[in-house]
Protein chains: 2
Amino acid sequence: MNDKDRRSMPLFSIGIVMKLTELTARQIRYYEENELITPERTSGNQRLFSFNDVDKLLEIKNLLDKGINMAGIKLLLTKEIKSEVSKRVGSDLSDEELRSILRNELKDAGRFGRTSLRQGELSRFFVK
Amino acid sequence: MNDKDRRSMPLFSIGIVMKLTELTARQIRYYEENELITPERTSGNQRLFSFNDVDKLLEIKNLLDKGINMAGIKLLLTKEIKSEVSKRVGSDLSDEELRSILRNELKDAGRFGRTSLRQGELSRFFVK
DNA sequence: AATCCTATGTCAGATTATCTAACATGAATG
DNA sequence: CATTCATGTTAGATAATCTGACATAGGATT
């Protein structure tokens with residue numbers, strides 16, 4: 001078994017993940033609801049998280065602390081959009097798909113400082 | 001946190017450990033009963049196993065397959081007796097403590113082949 | 001100011017997972 | 001054949017987790 005398999009192996013109950021990440025069960029479930037993570041399930045429907053899941057949750061926690069919202073985090077984590085998005089930065093932000101996903105925070109892309117993203121962190125969102 | 005801490009960190013429920021080791025819950029609990037492992041507990045008294053525990057369980061499984069019994073495995077795993085025991089091999093097996101612990105399989109230390117240990121594996125037990 | 005949205009808290013009722021304790025058993029041993 | 005060891009099995013209790021609903025604080029929107 002290789003390292004990749006190990007990292008995606010379902011191992012941890014939600015109780016353990018709560019301790020590892022210092023997130024509440026509610027938060028973890030909510031992030032799953034938003035498809036930021038997709039933990040496995042036991043035959044009895046209980047969640048089983050992998051190392052990758054835990055890493056993602058820690059990353060989510062970080063990004064939330066920085067003021068980034070679910071939609072943004074989803075972009076950052078679920079798809080390999082990072083490079084794709086950064087390509088667009090500086091060129092054209094009016095891309096329809098991007099706009100629609102980020103409409104809450106970024107509807108007015110020109111007026112930084114009036115969104116929920118604090119200044120200097122929007123860049124963190126876009127670049128890498 | 002260092003590697004040692006990580007390896008002894010309580011992480012896994014018994015259900016997961018069952019899958020990882022292919023042991024039954026009964027077996028795992030029995031080994032704990034025999035003090036081969038001492039998993040942590042949740043506040044609600046449910047077992048939480050560490051990587052070290054899982055490793056030990058895999059080792060136990062190996063040794064049991066080789067015909068070694070609980071007492072022997074305990075010697076091999078719980079204490080760092082390996083070197084201590086091997087020192088005695090070839091000299092004096094009548095040591096009282098050793099005899100009493102291994103009395104079931106080794107009461108008649110001279111007559112190999114009549115114990116539950118298959119030939120060639122007794123040596124494996126004693127020498128490292 | 002009134003409203004809406006997002007992220008999270010909290011609660012209830014149901015279900016799954018695990019616990020201990022007891023009894024059962026096949027294989028090996030004496 | 002009686003015993004011991006390692007394990008199976010079962011029952012009843014408790015812990016952990018699940019989903020779904022409603023509550024709410026703080027920003028954003030109107």
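All of these numbers come straight from a predicted model, not from anything done at the bench. Quick note on labels: first sequence line is chain A, next is B, and so on, each numbered from 1.
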Item to check | Option from B:L57, B:V54, B:V17 for which side-chain contact (heavy atoms from CB on, under 4.5 Å) with B:I37 holds | outcome: B:L57
Item to check | Under 4.0 Å protein heavy-atom contacts per nucleotide of nucleotides 9-23 of chain D, with B for base, S for backbone only and - for none | outcome: B-----SSSBB----
Next on the checklist: Between P on D:dT7 and NZ on B:K61, what's the gap in Å once rounded to a whole number?
Outcome noted: 11 Å
Checklist entry - Looking at B:R26 and B:E32, does any basic side-chain N land under 4.0 Å from a carboxylate oxygen? => result no
Item to check | Length of the CG-C1' vector between A:L64 and D:dG27, whole Å | outcome: 15 Å
Next on the checklist: Strictly by ring-ring contact (aromatic ring centres under 6.0 Å, His included), give each pair with a member in residues 24-58 of chain A just once, sequence neighbours left out.
Outcome noted: A:F12-A:F51
Checklist entry - CE of A:M70 versus P of D:dG27: gap in Å, rounded? => result 17 Å
Item to check | Closest contact, heavy atoms only, A:D53 versus A:L48 | outcome: OD2-O, 4.2 Å
Checklist entry - Would you say a side-chain N or O of B:Y31 is under 4.0 Å from OP1 or OP2 of D:dA6? => result no
Checklist entry - If only atom types and distance count, is the side chain of A:K74 paired as donor or acceptor with the main-chain N or O of A:E35 below 3.5 Å? => result no
Next on the checklist: Under the criterion salt bridge (Lys or Arg N to Asp or Glu O under 4.0 Å), I'd like the reasoning laid out for A:R47 against A:E40: C-alpha separation, chi angles, the key distance, then a yes or no.
Outcome noted: CA-CA 6 Å; A:R47 289 172 182 80; A:E40 297 285 315; over 6 Å; no
Checklist entry - Rounded to whole angstrom units, what separation is found between the CD atom of A:E33 and the P atom of C:dT6? => result 12 Å
Checklist entry - To the nearest Å, how far apart are B:I28 CD1 and D:dA6 P? => result 16 Å
Next on the checklist: Rounded to whole Å, how long is the line connecting atom CG of B:D65 with atom P of D:dC5?
Outcome noted: 20 Å
Item to check | Nucleotide C:dA27, atom P - distance to CG of B:N69 in whole Å | outcome: 19 Å
Checklist entry - Between C:dC23 atom P and B:Y30 atom OH, what is the distance in whole Å? => result 17 Å
